[in-house]
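This structure is a prediction, so every number in the text was calculated from the model and none was measured. Just so you know, ligand 1 is whichever comes first in the structure, and atom 1 is the first atom listed for that ligand.
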Amino acid sequence: MDDKITVISIIGAGYMGRQIIEKSALFGYNINVFDVSSEGLEEFLNEVKKKIEEKKVKIDINVYDSISETVKNADLIIEAVPEKLELKREIFPQIDKSAPPHAIIATNSSSIPISKLEDVVERKDKVMNIHFYNLFTMPLADIMRGTQTSDTTFQKGKSWVESIEVTPLEVKKECYGFVLNRIWRTIKKDCLKIWAEGYADLETVDKAWPIFCKYFITNDYGPFKFMDRIGLDVIYDIEMSYFKNSGLADDKPPDSLKDLVEKGELGVKTRKGFYQY
Ligand SMILES: NC(=O)c1ccc[n+]([C@@H]2O[C@H](COP(=O)([O-])OP(=O)(O)OC[C@H]3O[C@@H](n4cnc5c(N)ncnc54)[C@H](O)[C@@H]3O)[C@@H](O)[C@H]2O)c1
């Protein structure tokens, strides 16, 4: 069956690989595993087997000692080895050589776009990024295409992510850091500067942050809904103030925001902004 994903092969069963194994197993997928180290793996898999028995899920979990054996009957392979481009570029062709032609190969990399790996495989239309956060406590995954990833591959990957009750975050074009990681990176970057350059104590930042986030959660706001609430004309002026202060091109608010302001689409107060009210 080419269309249905039933067998998942995980290459690299460390911190992330193990979460992917456990969650996929709990949702009824057969699992093949390969890792260069067997440390703690058997105990971990025994725990997973106990959990799936309790849930009366009937699947196979097999550990192999070569990549070729691990991927030979896979429908989807997820590479979760350390974040080293050269290592991933060594592993991808080995997977490609032995996996069935229909299988999709995904990397769980936190930063490497699949376009940096696609040239080492033949099946350039069947590779993608599936970047999980934490599968149990933050069930989100960025999904991103390479330059030749087919729509079928992307949709199959997306459906699989949904099937294990993880929310896929579609990245529309290649973006370093995907979506959420990129936003988080901006937050981290400025927190570190505020602390290191002595603008505020780190405790001040940590005190403010949960109060700030709670407001978002209570109101079911994302950044865009929040900006609509404030008013896009106000947001534009604030961003222009930052831009004038720094003079950095990167601080200039996008013209698309200016267009909305000029059209009078200012958010909640005009009943139209990023959203319609
Ligand atoms: N740690 C995180 O919070 C996190 C979150 C999202 C994505 N990621 C990404 O997931 C990937 C794995 O990260 P991790 O935190 O699970 O790392 P980890 O070090 O916990 O696990 C990596 C595993 O790969 C194994 N390995 C090393 N070389 C191998 C090889 N040649 N073949 C097979 N297995 C090999 C190691 O023995 C180890 O068990 C990285 O690309 C990382 O960027 C990590």
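Under a 4.0 Å criterion applied to the non-hydrogen atoms of His131, ligand 1 contributes the atoms 6 (C), 7 (C). When each atom of ligand 1 is checked for a heavy atom of Phe34 under 4.0 Å away, the hits are 32 (N), 33 (C). Numbered from 1 in the order shown, with element, the atoms of ligand 1 that lie under 4.0 Å from a heavy atom of Gly14 read 16 (O), 20 (O), 21 (O), 23 (C), 39 (O). Taking every non-hydrogen atom of Ser109 and a distance limit under 4.0 Å, the qualifying atoms of ligand 1 come out as 41 (O). Here is the list of ligand 1 atoms found below 4.0 Å of a heavy atom in Val36: 26 (N), 27 (C), 28 (N), 29 (C), 30 (C), 31 (N), 32 (N), 33 (C), 34 (N), 35 (C), 37 (O). For ligand 1 and Ser37, the ligand atoms under 4.0 Å from any heavy atom of the residue are 37 (O).
Applying the salt bridge (charged side-chain N to carboxylate O under 4.0 Å, His left out) test to pairs two or more places apart or on separate chains, those with a residue in residues 88-107 are Glu79-Lys88, Glu83-Lys88, Arg89-Asp119, Asp96-Arg123.
Every residue two or more places apart in sequence or in another chain that forms a ring-ring contact (aromatic ring centres under 6.0 Å, His included) with Phe212 is listed here: Trp209, Phe216.
Residue Ala13 touches ligand 1 through its backbone alone, judged by heavy-atom distances below 4.0 Å. When heavy-atom distances to ligand 1 are checked against a 4.0 Å cut-off, Leu87 comes that close only through its side chain, counted from C-beta outward. When non-hydrogen atoms are compared, ligand 1 lies under 4.0 Å from neither the backbone nor the side chain of Thr107.
A salt bridge does not link Lys244 to Asp251: none of the charged side-chain nitrogens sits closer than 4.0 Å to a carboxylate oxygen. Under the 4.0 Å criterion applied to side-chain N and carboxylate O atoms, Glu69 and Lys72 are assigned as salt-bridge partners.
For the pair Lys124 (side chain) and Glu118 (backbone), a donor-acceptor distance under 3.5 Å is present. Although no hydrogens or angles enter the test, the distance criterion places a donor-acceptor pair under 3.5 Å between the side chain of Asn129 and the main chain of Ile114.
Among protein heavy atoms, the minimum distance from atom 10 (O) of ligand 1 is reached at Asn108 ND2, 3.0 Å. Among protein heavy atoms, atom 19 (O) of ligand 1 sits closest to Pro82 CG, 4.4 Å. Ranking protein heavy atoms by distance to atom 6 (C) of ligand 1, first place goes to Phe132 O, 3.1 Å. Regarding atom 20 (O) of ligand 1, its nearest protein heavy-atom neighbour is Tyr15 N, 2.9 Å. Atom 7 (C) of ligand 1 has its closest protein heavy atom at Ser110 OG, 3.1 Å. Nearest non-hydrogen protein atom to atom 41 (O) of ligand 1 is Glu83 OE1, 2.6 Å.
Donor-acceptor pairing under 3.5 Å is lacking for the side chains of Tyr29 and Asp75.
The shortest N or O to N or O distance between Met16 and ligand 1 is under 3.5 Å.
Among Gly12, Ala80, Ser38, the residue whose heavy atom lies closest to atom 22 (C) of ligand 1 is Ala80. The residue from Asn134, Val81, Ile91 that puts a heavy atom closest to atom 31 (N) of ligand 1 is Ile91. Compare Asp35, Asp142, Val33 by their heavy atoms: the one nearest to atom 38 (C) of ligand 1 is in Asp35.
The one candidate from Tyr277, Tyr275, Tyr221 that meets the side chain to side chain donor-acceptor pair (under 3.5 Å) condition with Asp228 is Tyr277. Looking at Lys55, Lys51, Lys50 one by one, the single match for salt bridge (charged side-chain N to carboxylate O under 4.0 Å, His left out) with Glu22 turns out to be Lys51.
Note on ligand 1: Lys88 sits in its first shell, one or more heavy atoms being nearer than 4.0 Å.
For the pair Tyr133 and Leu135, the minimum side-chain heavy-atom distance is 4.5 Å or more.
A cation-pi arrangement is present between Lys23 and Phe136 under the rule of less than 6.0 angstrom and at most 45 degrees off the ring axis.
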